[in-house]
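Chain letters run A, B, ... following the sequence lines, proteins first, then strands; residues in each count from 1.
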There are 2 protein chains.
Amino acid sequence: MVKYSDYISVDCVIFGFDFEKLNVLLVDRTLSDAKGNELFTDMTLTGNHIYEGETIQAAADRILFDLTGLKNIYLEQFRTFAHPDRLNKENDRKWLLHDNRDPDKRIVSIGYFALLSTQKVTLEWKGRNVKWVPVDEVGELAFDHNLILSEALKAMRSTILHEPIGFELLPTKFTLSQLQKVYEIILDTGFDKRNFRKKVSRMSYLMPLDEKQKGVAHKPARLYMFSREVYENTKKEILNFIV
Amino acid sequence: MVKYSDYISVDCVIFGFDFEKLNVLLVDRTLSDAKGNELFTDMTLTGNHIYEGETIQAAADRILFDLTGLKNIYLEQFRTFAHPDRLNKENDRKWLLHDNRDPDKRIVSIGYFALLSTQKVTLEWKGRNVKWVPVDEVGELAFDHNLILSEALKAMRSTILHEPIGFELLPTKFTLSQLQKVYEIILDTGFDKRNFRKKVSRMSYLMPLDEKQKGVAHKPARLYMFSREVYENTKKEILNFIV
DNA sequence: AATACTTTGTGTTGTTTTTACACTTTCATT
DNA sequence: AATGAAAGTGTAAAAACAACACAAAGTATT
């Protein structure tokens, strides 16, 4: 087994959009005593240690791959959490002791958020006990994970206003209505359909395909793709994004 | 002496504006051998350890106060640096060994940037060997501090586009021309004076004072102040900032 | 006292962007 | 053949943006 730094960890706030709601991937945490009786059960964000010699970016990618089986998904470092009491709740101390760790040792956690479409993920991957929870239905989490989640949301909302990352929450091919829905859900607002289309039609990196939705009980919508390449070449011209 | 965590540190990128250029506060680092011969000299950003039990925000405030004698200045956490080789340059290893530290131990550094007017600071404070260097004249720095500086600049430019932090680089009372200059220097662009004034006149949190410049060899300009209080109450309405 | 110098402070016009708003088309289902 | 459901499209009024020049108010110089 590879040795890891026991004072640095990475927490990934993995956001998944399912065309209806914004969800976050949470892990079940259950602690049982020696006889197998359940002491408590609650949930955490997805996090892990960093191995010796591993960069934090690589650690975040690894965590993401372990949980979703996906590579090359959008990942952004947004904030680091190092409050000396951040692991100090009663259940957290029990959990750490059970894991032979010193609950009084400060652990620095570097926060990343990831964006993907829930469609892309098979949660049965490696049989992890993880599940999607709508962000507005998340209850009390372990450690300081409610704080980390709310900071991740804040950072993500700020980024989505200024950079084209809405696409990351959709399948590779998507319709304009789906894109509009992404922004409406995340920014908790509504847009006029015609004005929204007028706006995004100015974005040269939003590429219309010669392809339509299939099997829908209404006029099938045209599909689009996001071209990061075109975006990188034109972003100097673009000042305001959505809103 | 208070014990500190030897694996976490805070680096503060302290930006100071002097009405002409954007500067960063750097510290001289000189290593001498036992006989007093100078082995090398170079510069670092301002950073320090975090004491046991101290929050990182408090550590950043402390570093800032130690160097400038100022409290309540604008401070923003922008990124964390934890590459396993970040302290691995030859001079850095010598420096760490001289300081009885293990150069192979990874140190996580949490990056903050601070904004202030150079006018507010007396560098003779506590006789520190620090100085202002224009950001476009900074040479090779110790550790990974060139990377940290450039990431701080990127983050600061991004924030200043979306949040009213330009004021933080000026004295409490300032003129509109000084404010315009801040944005011109930092964004490396020019604005039309009338259009700039039209834009900022819409910001209710920019408060005109019944006071004018004194002792200038030309028509004295009206002074203004930034009201964070008004801003906090009105920011929901504000969508685009400068540019 | 007059003049030169420097920076402040102000308005209009044409262009672009934003906002508000409704109906027809296309497909699957019954 | 009719129904239901979302796609797709244009216009007009309001707001914001970009480009542009000159008189006013003070200090310094003579």
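- When the side-chain nitrogen and oxygen atoms of B:Arg194 are compared with OP1 and OP2 of C:dT13, none of them lie within a distance under 4.0 Å.
- Atom NZ of B:Lys219 and atom C1' of D:dA28 are 19 Å apart (whole Å).
- In this structure, NZ of A:Lys214 is placed 20 Å from C1' of D:dA5, rounded to the nearest angstrom.
- For D:dT11, the base has a donor-acceptor partner in the side chain of A:Lys198 [N/O atoms by modelled type, under 3.5 angstrom].
- The distance from atom NZ of A:Lys181 to atom C1' of D:dA5 is 14 Å, rounded to the nearest whole Å.
- Note on B:Arg197: a base of the nucleic acid sits closer than 4.0 angstrom, heavy atoms only.
- A:Gln213 places its CD atom 12 Å from the C1' atom of D:dA5, with the value rounded to the nearest Å.
- Whole-Å rounding puts the B:Gln178 CD to C:dT7 C1' distance at 12 Å.
- Counting to the nearest Å, the P atom of C:dT17 and the CZ atom of A:Phe191 are 18 Å from each other.
- Note: B:Phe78 and B:Phe113 have tilted aromatic rings, judged against thresholds of 30 and 60 degrees for the angle between ring planes.
- If A:Ser177 and A:Ala217 are placed on DNA chain D by their nearest nucleotide, the residue sitting closer to the 5' end is A:Ala217.
- Nucleotide D:dG10 holds its P atom 14 Å from the CG atom of A:Asp192, rounded to whole Å.
- Considering only side-chain atoms of A:His218, the nucleotide from C:dC27, D:dT27, D:dG8 that sits closest is C:dC27.
- One atom, NZ of A:Lys193, and another, C1' of C:dT24, lie 11 Å apart when rounded to the nearest Å.
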